[in-house]
Trainee: 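Attaching a single structure in structure tokens format; questions to follow.
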4 protein chains.
Amino acid sequence: MENADFKHFGKLRSKLFVIVFGTDTPAGKAFDLVLLVAIVLSIIVVMLESVRDIKIRFEEIFYILEWTFTIIFSIEYLLRIFISKKPKTYVFSFFGAIDLIALLPTYISLFVTGGSYLVVIRAIRLLRVFRIMKLTRYINEARMLGQAMEGAKRKILIFMGAVFTLVMITGTLMYLIEGGENGFTSIPRSIYWAVVTVTTVGYGDIAPHTVLGQTFATILMLTGYAILAVPTGIMTSEINKAERRGSIKDKICQRCTTGNERQSNYCSKCGERLEEI
Amino acid sequence: MENADFKHFGKLRSKLFVIVFGTDTPAGKAFDLVLLVAIVLSIIVVMLESVRDIKIRFEEIFYILEWTFTIIFSIEYLLRIFISKKPKTYVFSFFGAIDLIALLPTYISLFVTGGSYLVVIRAIRLLRVFRIMKLTRYINEARMLGQAMEGAKRKILIFMGAVFTLVMITGTLMYLIEGGENGFTSIPRSIYWAVVTVTTVGYGDIAPHTVLGQTFATILMLTGYAILAVPTGIMTSEINKAERRGSIKDKICQRCTTGNERQSNYCSKCGERLEEI
Amino acid sequence: MENADFKHFGKLRSKLFVIVFGTDTPAGKAFDLVLLVAIVLSIIVVMLESVRDIKIRFEEIFYILEWTFTIIFSIEYLLRIFISKKPKTYVFSFFGAIDLIALLPTYISLFVTGGSYLVVIRAIRLLRVFRIMKLTRYINEARMLGQAMEGAKRKILIFMGAVFTLVMITGTLMYLIEGGENGFTSIPRSIYWAVVTVTTVGYGDIAPHTVLGQTFATILMLTGYAILAVPTGIMTSEINKAERRGSIKDKICQRCTTGNERQSNYCSKCGERLEEI
Amino acid sequence: MENADFKHFGKLRSKLFVIVFGTDTPAGKAFDLVLLVAIVLSIIVVMLESVRDIKIRFEEIFYILEWTFTIIFSIEYLLRIFISKKPKTYVFSFFGAIDLIALLPTYISLFVTGGSYLVVIRAIRLLRVFRIMKLTRYINEARMLGQAMEGAKRKILIFMGAVFTLVMITGTLMYLIEGGENGFTSIPRSIYWAVVTVTTVGYGDIAPHTVLGQTFATILMLTGYAILAVPTGIMTSEINKAERRGSIKDKICQRCTTGNERQSNYCSKCGERLEEI
């Protein structure tokens, strides 16, 4: 009888697995949808809680809602561990880690004030949304973007190193030129200004007042304007490469091995009929 | 005699059709031009009306002008329905819908104050301007841009999702770091700041004051600076693809009229040998 | 004797022509250099004149300098007309027109106050600098950029039309949402704000204060952020096309007519030796 | 015995050379790492020194640290000269010059106040970091970026000339339109505003107040928005070219070892038939 129980239990587990982890069955889709809605709601609750006027009026309701959501997600997390065949793989996977981290803030808030606001990290869980939508196409596009970023990594790093050196030297010079009375009270603060300027954000909380400082700022802005072209150029080039790599593999001609575009029926080189993929 | 009337009426209708909907005859062009001028004037009237000093002086004139334009456009709209062979097709077409929506604000203003300002939606009607200019070239270019956007859609969506997650988490952290006394009074407001920063708009209405906040903002700005390269890269790549697809028409297959790339020897659709060009 | 005079005069004229219009002889280069320096100096004079403290001290000197430069340039202009074989061609050429326009402000200042500041238009004359530097390469690059802009023209126009419609509708909506007490005092002013926001300039002189307004502004900023990718993509694609067009013509193989890169010695298609260009 | 000493000394020198200049041995890597850490620390010291509150408390410690680092770097500099076989080559090399310049600020600070802040120039020495990391790949990427910038140089210069002319004329016009009471107190200051606007930095320290000025600013912003596409397009195109040239190595000619493009059949340098890859 124990055996039968175990069997019955095994069936339940694999049934639950299809619902909780899968997205192909209607039940699986519904589960993911409900989950996403719950995540969004729990984030909205925390956001509204940070608005003083709203908090004062609904403090108790928010408190209850917050704990309700956290307990639901805690149960969901334990369920996921329980039903997966290799619990360790899930726990140490990207989504497994995020699922856990997204739970902690509310529990932490028991000890540290303000901690509960960190539940916005649940936003990362929303990435699951791509699993419900036409899955593979989005994953392909995302992988393509990932590849482009991977390829651009080293170049962007060199670029960032150059920008970093630039803002450090510029910031120091501006600290010497403008000085504390114009808002450039220290080198770190001047570097902050240089970043604000070179990235064309331009808050205006600190701005040069002397003629020399403004001349210098002018040069920095024009440099930043031209420099902006570099990461864009790098990224564009990498995206192009990733796209080409991605599109070439699509439909290889079996006679002459030429790569063809996805929508092609015949090889553009030798006229051989291409197989569907 | 009724029949003759009907015939006469049919002739008039098709004559009007050529003038109102067509752009090939001088009368058709003139009609569209007058219409465009009237639209521009009606928008200017509403804009000037919103300037207090001007409104006080010319209130009555503006009121008369606004209703004059609206009545003219109402007549035009009814005329269009009346003379088109398939009125339903027109009413539910893009331009048909815009034509109607562009009429409503003035009528709504009878019941709701301020509603009349929404006539600026008539600006969309100005898209007709492309119909008077060398038509096909502009439409081709616009279609090309549309294709590129269509192609970039999914990638931009993924990108926007990532940016959204980034500003949400950053905004919350800044709310905890800076707090209400520095302008970060709530999480939604901090997220607003994060968007202002990451997009390099940088109003400066909210700006970090603490050292930690400024360090954090610096990282966010540099990230935003590098991130800006992504949609640009995506768009450039898609425009390139759309252009290439557009230039495909270079080598038309003589069997199935599919456009092929310049370097292709065989049609990618039907395998027909392509002639050199 | 008159004939001899005329001959002598003709010689002088062609000698002057080489100096004034040419850049190949040392004298021609020197003339252009002196001219450029004079233009820069005359611009600096006008700029300094606009600074109140400096103007008060050196008013007389500035007045004399301004007229000295203008008279020198007037003489130069008359000289150019006098020595060119086809004076009309010069007068109605781009540089001829600029040379004249650059003279007018000082003369106008006799009648209208402040007119003399317009001599900064002389900055356009500085374009002659490219004539002294390694001429042809710069002209080729400039022509390439011009071609790219020509090619992008229609697409940029469509894009600008879309942006224009967007800021007009957004501006009106923000006028209705925020209203005069938050700085959105009229529709034109709200449209000004929308442009400041969508272009990511973000002065901060007008900024949304209501929650709805900030939400709306957030959407506009993200749109502007993504939209920025469009002209960049268009321009990149056009520059690529212009470059390809430019580089193909470089070295055509005489056997198989394949275009080769400038540094190639042999055709990459058929191995034929390429002639130098 | 002198000879033996000399020999011994020669050995020591070449041993030190491997450590100080090399990065392949563990000792060489350790030396570079320690050096980088020391540089970073010395920069942090100077930055903290510029913060008033921190300076007051730790003034003496900072003074000692600053001189300690400078003396260490001075010894390192002399050591480098001493052990390199061609001292002159090192002294006049890029890194040799930077090593010296990075020493000077502290010594200068003996005579000029504030001079010591310039030690941030040591940030440039951090470029050595690329020598420790997987060397060649980063150098290749950096060289690629350098090539792209070299190629874009002339075009960026023409572009900058155009922007310069634009801001000069715009700045002057705005000075005339807005005038001193709205912050446009002089032409140089108005040009500063024009640069702040056209580069989309937008501090907001100066902003147009008149209707005409705002209209004008709107046009300038939209122009700047569209113009931004130009350097990006140039840079992207050059990076593409540099990448392609880099990927040339795909097909090496077996006679003259020139790299050829993938689709080439014959070597572009010597005409040798290329083998398929």
Side-chain angles (χ1 to χ4, degrees), chain A residues 154-155 157-159 161-162 164-173 175-176 179-180 184-191 196-209 211 214-215 217-238 240-241, chain D residues 43 46-52 54-55 114-115 117-121 123-124 126-127 129-130 134 137-138 141-142 144-145 148-149 152 156 159-160 163-164 167 188-189 191-192 195-196 198-206 224 227-228 230-240 242-243:
Chain A
R154 267 199 312 266
K155 263 168 275 175
L157 224 101
I158 295 172
F159 171 73
F164 195 71
T165 311
L166 178 71
V167 294
M168 228 147 83
I169 293 173
T170 314
T172 306
L173 285 175
Y175 170 69
L176 294 174
F184 294 76
T185 47
S186 68
I187 292 183
R189 202 170 149 79
S190 298
I191 290 174
V196 167
T197 300
V198 95
T199 56
T200 78
V201 170
Y203 285 133
D205 51 349
I206 318 171
H209 289 92
V211 172
Q214 289 182 347
T215 312
T218 300
I219 296 166
L220 184 63
M221 280 176 237
L222 288 172
T223 313
Y225 195 53
I227 270 183
L228 182 55
V230 177
T232 309
I234 293 170
M235 207 63 212
T236 306
S237 155
E238 289 300 329
N240 271 335
K241 273 202 277 183
Chain D
I43 292 172
V46 149
M47 284 193 177
L48 291 180
E49 208 185 335
S50 75
V51 184
R52 187 190 296 267
I54 298 174
K55 190 182 181 177
Y117 291 128
L118 293 171
V119 305
V120 291
I121 211 161
I124 299 176
L126 294 176
L127 288 174
V129 80
F130 292 118
K134 267 173 263 150
R137 301 207 62 175
Y138 276 92
E141 304 275 13
M144 207 277 292
L145 282 179
M149 275 172 199
I156 296 281
F159 171 73
M160 278 295 172
V163 169
F164 195 70
V167 294
R189 201 169 148 80
I191 290 174
Y192 162 73
V195 172
V196 168
V198 95
T199 57
T200 77
V201 170
Y203 286 133
D205 51 349
I206 319 170
I227 270 182
L228 182 55
V230 177
T232 309
I234 293 170
M235 207 63 212
T236 305
S237 155
E238 288 300 330
I239 286 177
N240 270 336
E243 290 248 315

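Naming convention: chains lettered A, B, ... in sequence-line order (proteins, then strands); numbering from 1 in each chain. We use all heavy atoms of the structure for the numbers below, so side chains are in, but hydrogens, waters and symmetry mates are not.
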Trainee: What residues form a ring pair (Phe, Tyr, Trp, His ring centres under 6.0 Å) with A/Phe184, not counting sequence neighbours?
Mentor: A/Trp193
Trainee: With a 4.5 angstrom heavy-atom cut-off, which part of A/Tyr175 approaches chain D: side chain, backbone, both or neither?
Mentor: side chain
Trainee: How many angstroms lie between CD1 in D/Ile43 and CG in D/Leu48, if you round to the nearest 0.5 Å?
Mentor: 12.0 Å
Trainee: With a 4.5 Å cut-off on heavy-atom pairs, point out which of A/Pro231, A/Pro208, A/Gly171, A/Gly180 contacts chain D the most.
Mentor: A/Pro208
Trainee: Is it the side chain or the backbone of D/Val163 that comes within 4.5 Å of chain A heavy atoms, both, or neither?
Mentor: side chain
Trainee: Are any of the side-chain heavy atoms of A/Phe164 and A/Met168 separated by less than 4.5 Å?
Mentor: yes
Trainee: Would you mind checking which part of D/Phe159 comes under 4.5 Å of any heavy atom in chain A, side chain (CB onward), backbone (N, CA, C, O), both or neither?
Mentor: side chain
Trainee: Considering only heavy atoms and a distance below 4.5 Å, find which of A/Thr215, A/Thr185, A/Ile206, A/Leu176 pairs most often with chain D.
Mentor: A/Leu176
Trainee: Quick check on the interface: out of A/Ile187, A/Leu173, A/Asp205, who has the most heavy-atom pairs with chain D under 4.5 Å?
Mentor: A/Ile187
Trainee: With chain D as the partner, which of A/Ile191, A/Val211, A/Val198, A/Thr218 has the greatest number of non-hydrogen pairs under 4.5 Å?
Mentor: A/Thr218
Trainee: Does some side-chain heavy atom of A/Thr236 sit less than 4.5 Å from a side-chain heavy atom of D/Ile239?
Mentor: no
Trainee: With a 4.5 Å heavy-atom cut-off, do D/Met149 and D/Ile156 have their side chains touching?
Mentor: no
Trainee: According to side-chain contact (heavy atoms from CB on, under 4.5 Å), who are the partners of D/Thr199, at least two apart in sequence or on a separate chain?
Mentor: A/Met221, A/Leu222, A/Tyr225, D/Val195, D/Val201
Trainee: With only heavy atoms counted, which part of D/Ile54 is less than 4.5 Å from chain A, the side chain, the backbone, both or neither?
Mentor: neither
Trainee: Select one option (side chain, backbone, both, neither) describing which atoms of D/Val167 are under 4.5 Å from chain A's heavy atoms.
Mentor: neither
Trainee: Donor-acceptor pair, distance only, cut-off 3.5 Å: does the side chain of A/Ser237 make one with the backbone of A/Gly233?
Mentor: no
